[in-house]
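All remarks here apply to the structure that follows.
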Amino acid sequence: MDVINEFFECKECGSRDFLRIYHFSLRFHSVNFSDSLVYDRLVDEVYQCNNCKKTYSIDQIDEVLEAIKARHKNTDLD
């Protein structure tokens, strides 16, 4: 059985090496039953190309990986 190994690559430079970058924030909002603000802690995750520094969201990466899966779905590996 053959193995196909395809990688997500940077659209700008073709690199396959990425760093994970986190952005931490708090989102404040009011609620009807209180005068106090309620907050949510948020963590945004982006991936930055090691070569050209272009960033990608996990949704953008997943979209490309889904396209790769679809392209190989009916490929016979035998």
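Computed from a prediction, not measured in an experiment: that's the story for all the values here.
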L65: hydrophobic cluster co-members (side-chain, 4.5 Å): F8, F18, Y47, Y56, I58, I61, V64, I68
Exceeds 12 heavy-atom contacts within 6.0 angstrom, atom CD of Q60: yes
Hydrophobic cluster partners of V43 (side-chain heavy atoms under 4.5 Å): Y22, F24
Stepwise side chain to side chain contact (heavy atoms under 4.5 Å, CB included) check, I4 with H72: CA-CA 9 Å; I4 298 171; H72 291 288; 3.8 Å; yes
Sequence neighbours excluded, every pair satisfying salt bridge (Lys or Arg N to Asp or Glu O under 4.0 Å) that has a member inside residues 4-30: E6-R71, R27-D40
Side chain to side chain contact (heavy atoms under 4.5 Å, CB included) evaluation trace for S15 with C52: CA-CA 8 Å; S15 176; C52 72; over 6 Å; no
With D59 via side chain to side chain donor-acceptor pair (under 3.5 Å) - residues at least two apart: none
D44: partners by side chain to side chain contact (heavy atoms under 4.5 Å, CB included), with sequence neighbours left out: H23
Enclosure of Y39 OH (heavy-atom neighbours >12, cutoff 6.0 Å): no
Connected hydrophobic set around V46, excluding itself, where side chains approach under 4.5 Å: I21
Under the salt bridge (charged side-chain N to carboxylate O under 4.0 Å, His left out) test, residues paired with E45 that sit two or more places apart: none
Side-chain hydrophobic cluster, 4.5 Å single linkage: members besides L19: none
